[in-house]
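Okay, structure first, notes after.
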Amino acid sequence: MNPIRLMAKLTPKTINLEGSSGGSKTIDSIDWTTAAHALVGLSKDANNWALYRFAGHDEKLKSVYRSLSMNIVLFIKINRYKLQPETLDGLIKAAVLEYIQPVCGVCNGAGYTNELNNQGECIQCKGRGRKLFSKRFMCEVIGINHKSYSNSHDEVSKELIRIVGTWEQQIMSNIHSKMGEVA
Ligand SMILES: [Zn+2]
């Protein structure tokens, strides 16, 4: 089974619908167990992301925010960025929002193509791999004036996206190895 489809088996809505329809209940609960099993061994951070992103557990969003905020601390310290706590919260919110956007149509999410800008990034998405929101909209989400958007905001934002990307890689490889066990 496709990993993303397997994750979708953990959707609370799916369980409720199948549970009340009777016939398919057994099959669905087996899938649910398989899906839950596929997440065993993941870090808490990656696990919360899997449930939020692929299984519709919106209540995990707060945990996702908390994980990001703990994971970004060192990066901010090393680079000596000065950020207001509420600005960091806004950057985290915006990063999650950006991450779940469709991939960039030019680089297909890679962040680079044959046509690079002078920083070696995709000209369309500037290395982010996603369809970009306008800076004005992002700053609204972050809660800052768009004129005060700085390089440090941008670097923190990219790092947050990278962290989520590593969770997603961990999820996929975890599922693949667990599915291998079953097969
Ligand atoms: Zn791109």
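Just follow the structure's listing: the first ligand is 1, and inside any ligand the first atom is 1.
Under a hydrophobic clustering in which Ile, Leu, Val, Met, Phe, Trp and Tyr are joined whenever their side-chain heavy atoms come within less than 4.5 Å, directly or via other members, Leu51 and Met172 fall into the same cluster.
Evaluation of the salt bridge (charged side-chain N to carboxylate O under 4.0 Å, His left out) rule for Glu168 yields Arg53 as partners, not counting sequence neighbours.
Distances under 2.8 Å from the Zn ion (ligand 1) pick out the protein N/O/S atoms Cys104 SG, Cys107 SG, Cys122 SG, Cys125 SG.
The neighbour count for Lys93 NZ, taken as heavy atoms of other residues, nucleotides or ligands under 6.0 Å away, does not exceed 12.
In summary, the side chains of Ser173 and His176 do not present any donor paired with an acceptor at a separation below 3.5 Å, with no hydrogens or angles considered.
Using cut-offs of 30° and 60° on the angle between ring planes, the pair Tyr99 and Trp49 is perpendicular.
Ion pair Asp45/Arg66 not flagged as a salt bridge, since none of the NZ, NE, NH1 or NH2 atoms sits closer than 4.0 Å to an Asp/Glu carboxylate oxygen.
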